[in-house]
Amino acid sequence: MRCEDPVPAPALDAIRAPLAALNATLSDPPVIQPLNLMLDLAGEAMRARLFVVQDEGGREACLRPDFTVAIAREHFRSGGASGRYRYEGRAFRVAPAGALDSHPEEFLQVGVEVFGEPASPGADAEILGAAWRAACAGGRGDLSLRLGDVALFGAVLSSLDVAPEVAGRLVRALGRPRQLSVLLQRAGRDAALDAQEARIAGLPRDAAMAAIEAIWAQKDLEPIGGRGAAEIAERLAAKAFAARSPRLTAAQLKTIDRYLALSGAPQDVLSDVKTLTGGAAAQAALESWAGRLAGFRQAGVDLTRATLNTRFSRAFGYYDGFLFEVLSASLPADAPLAAGGRYDGLTERLGGMTSSAVGCMVRPARVWMETGR
Amino acid sequence: MSDPLILALPSKGRLKEQCEAWLESAGYRLETSGSGRGYTAVLKGAPGITVQLLSAGSIAAALDAGDVHLGVTGEDLLRERSEDIDARVMLLRPLGFGSADVVVAAPEAWIDVDTMADVDEVAHDYLARTGGRLRVATKYTILTRTFFAAHGVVDYRIVPSAGATEGAPAAGSAELIVDITTTGTTLTANNLKILKDGIILKSQANLAASLTAIWSSAQKSGAAAILSKDEQAGLVAQLDR
């Protein structure tokens, strides 16, 4: 397993200081986390990055790949409505094949997670400001800030009157470029039904269910696989509806493509988005961004170093709103010094109450790496 | 005497018989040393080669690790080792036997599901409705992950299965399976159907070379006993890179 060099105590103190100033409780969550939960949240593709451990009975768990889920679980166990947690410890990720030294498999991570405080541009700025100052504490002069917003994409789609189920899938695919382009291609086409499917889709619900059950009986099929006649009938009806009206019109597709091509200085990108759509949802999202940028400036972030990229998202992340990462010109683009954002949806998926959530993590060894030598 | 070239061959079953027939057609006879249960053998007519008799799965592992130079095993077993197996093992020649397809199969009762795109939609609905992910029973976790990713399907979970995978949907432990099939009759008997675009790999037994093994120049030239001129040249070019 590839480890990283330790960061000298004074350097670590300096990197930690901006996070420690956030008035959060120091938390020490378990290194070993439930494997099933991690895979349910992040998807099967995450498995290749996890160190899986087994006890003697063969039950599987994994070493924490980051702290977000581990801290969120602690928070919900505590039962409190709101909480601020700071962490400092090692996390573990299997390096992809051919990875460089910038991807050790055991690494130090420090960070903060805030649950249950009202979501606001100011709250976002507080977290991003602390992460930026921590990243700057290593003395690197070549930092840049990459900003994104998963929710802005959703707001643009909503402003374009894209059907909610289509929009939901596109938003979730934002961090996976290949899946996104597959979905966009597919959504621009008519859904094809074969003769049997079309016949069933044309029936009222009860008759459609009866027709499906008749096919099962006639072919002597066991209805295995956990989907009943009702669900199959519903999906065929939805497919038939989609076939009558393409899921995305050519005009919608064109605007989405133009939106996804935007990247540059945050102010410029935001004004470009404004010209793409005048819908209420998009305008509200743009107003939040104006407040966020003002907050970043106040927090001491150098916005001349920032870009807003409409495609920026994370394949394994839980982020569903604004997100960021801090990069260094002397480190690979897939090795951020710090990263974070808003992930309000995670709390519900963890079985807790719906709660706002924002946080950041900093990798001290990347922040410090060259400046200390 | 210099170290021999190690060739790994299947130790049992139909694959072993087919391997012996193939070697005989090339003019070699496999002679197990000592008792008939031996795990090493010699190739009569090829003195520089030592044969190790292993299970097909162990041969794939030994080629990957560089414990043997050449081996005969299923392409499915090699591809399941790792996504980047081509960097460590070179497939030299499909041998025309041991054919089987690795496929994605869904319940036949799902009359609305014929393609991976359907699976993606159903998986998405399933996640939205139940909060859980569609489960795929398989022993081919790496092939499954790569194939599903290529089709943009993400809302699923793999349920590792050691055996009798085709029974998982009926038993309620998974909704789909990825498994190997030759005729499809076992799938049909279990009320499963292969998706139209669900063939992950058309596998067969392959003669393969380990790129991670240490090859002396004697071993490189000794491979000529088994390989064609072109195959040997291709292998040496790979090894020297």
Side-chain angles (χ1 to χ4, degrees), chain A residues 36 39-48 60 96-98 165 168-169 172-173 175-183 185-186 189 191-194 196-197 200-201 211-213 215-216 219-229 231-239 242 315 348-349 351, chain B residues 82-84 87-88 105-118 120-136 141-142 144-146 148-160 167-177 188 190-193:
Chain A
N36 277 330
L39 292 177
D40 275 341
L41 292 173
E44 194 63 46
M46 183 69 180
R47 193 188 285 263
E60 288 184 322
E165 62 272 16
R169 312 184 68 190
R172 290 191 332 114
R176 303 180 173 92
R178 187 161 52 179
Q179 194 202 3
L180 184 61
S181 73
V182 167
L183 281 179
Q185 278 168 24
R186 201 186 289 157
R189 277 200 310 263
L193 279 75
D194 64 28
Q196 176 179 279
E197 290 175 340
I200 294 169
I212 291 166
E213 279 159 4
I215 292 170
W216 289 350
K219 293 191 180 168
D220 201 18
L221 293 178
E222 292 288 328
I224 57 173
R227 295 171 73 231
E231 287 158 64
I232 294 175
E234 271 168 30
R235 173 158 179 264
L236 286 177
K239 238 177 124 174
E348 204 176 354
R349 290 170 72 192
Chain B
S82 158
E83 280 177 48
D84 62 342
R88 302 194 298 278
E108 230 178 311
W110 291 9
I111 60 168
D112 58 329
V113 173
D114 296 309
T115 64
M116 287 299 288
D118 289 326
D120 181 36
E121 290 191 10
V122 168
H124 183 83
D125 293 347
Y126 191 86
L127 180 63
R129 185 166 51 85
T130 68
R133 290 171 189 257
L134 215 57
R135 294 164 302 171
V136 182
T141 54
I142 290 173
T144 300
R145 196 162 61 214
T146 312
F148 276 51
H151 282 268
V153 182
V154 293
D155 297 322
Y156 73 104
R157 280 288 313 279
I158 288 175
V159 182
S173 58
E175 283 72 41
L176 302 170
I177 69 163
T188 311
N190 283 280
N191 285 303
L192 298 171
K193 62 179 173 188

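Heavy atoms only: backbone and side chains are in, while hydrogens, waters and symmetry mates are out. The sequence lines fix the lettering, A, B, ..., with proteins before strands; numbering per chain opens at 1.
Annotation: maximal heavy-atom pairing with chain A below 4.5 Å, among B/Ala150, B/Ala109, B/Ser82, occurs at B/Ala109. Note: A/Arg227 leads A/Lys219, A/Arg227, A/Arg172, A/Glu222 in heavy-atom pairs under 4.5 Å with chain B. Per-residue counts of heavy-atom pairs under 4.5 Å with chain A were compared for B/Asp125, B/Asn190, B/Val122; the largest is that of B/Val122. For chain A, the option among B/Val113, B/Asp120, B/Leu134, B/Leu176 with the highest count of heavy-atom pairs below 4.5 Å is B/Asp120. Counting heavy-atom pairs closer than 4.5 Å to chain A, the top-ranked of the candidates B/Ala87, B/Gly172, B/Ala171, B/Ala117 is B/Ala117. Among the candidates B/Phe148, B/Trp110, B/Tyr126, the residue making the largest number of heavy-atom pairs closer than 4.5 Å to chain A is B/Trp110.
Between B/Glu108 and A/Ile224, every side-chain heavy-atom pair lies at or beyond the 4.5 Å cut-off. Residues A/Ile212 and B/Asp112 are not in side-chain contact: their nearest non-hydrogen atoms beyond the backbone lie 4.5 Å or more apart.
For B/Ile142, no part lies near chain A; criterion is any non-hydrogen pair under 4.5 Å. Interface residue A/Ala48: backbone and side-chain heavy atoms are both found under 4.5 Å from chain B. When heavy atoms are compared at a cutoff of 4.5 Å, A/Glu197 approaches chain B solely by way of its side chain, counted from C-beta outward. Using a 4.5 Å cut-off between heavy atoms, A/Glu231 touches chain B through its side chain atoms alone. At a 4.5 Å heavy-atom cutoff, the contact between A/Ile232 and chain B is made by backbone and side-chain atoms alike. With a threshold of 4.5 angstrom between heavy atoms, A/Leu39 approaches chain B through its backbone and through its side chain. Contacts of A/Asn36 with chain B are made by both backbone and side-chain atoms, with heavy-atom separations under 4.5 Å. Heavy-atom distances place the side chain of A/Ile200, and not its backbone, under 4.5 Å from chain B. If you measure heavy-atom distances from B/Leu192 to chain A, the contacts under 4.5 Å come from the side chain alone. Neither the backbone nor the side chain of B/Arg135 has a heavy atom closer than 4.5 Å to any heavy atom of chain A. B/Glu121 touches chain A through backbone and side chain together, each having a heavy atom under 4.5 Å away.
By the 6.0 Å contact criterion, CG on B/Asp84 is enclosed, its count of non-hydrogen atoms from other residues, nucleotides or ligands being greater than 12.
Between A/Gln196 and B/Ile111, the shortest heavy-atom distance links the atoms NE2-CB, 3.8 Å. Across all their heavy atoms, A/Gly225 and B/Pro107 have their closest contact at CA-CG, 3.8 Å. Nearest heavy atoms, A/Arg47 versus B/Ile158: NH2-O, 3.4 Å.
With sequence neighbours left out, the salt bridge (Lys or Arg N to Asp or Glu O under 4.0 Å) criterion links B/Asp118 to A/Arg235, A/Lys239.
Under a 3.5 Å cut-off, the side chain of B/Arg133 and the backbone N or O of A/Asp40 do form a donor-acceptor pair.
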TODO: Apply side chain to side chain contact (heavy atoms under 4.5 Å, CB included) to A/Asp220 and B/Asn191, showing your working.
DONE: CA-CA 9 Å; A/Asp220 201 18; B/Asn191 285 303; over 6 Å; no
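Classification of B/Arg145 and A/Glu44 as a salt-bridged pair fails, no side-chain N sitting under 4.0 Å from a carboxylate O.
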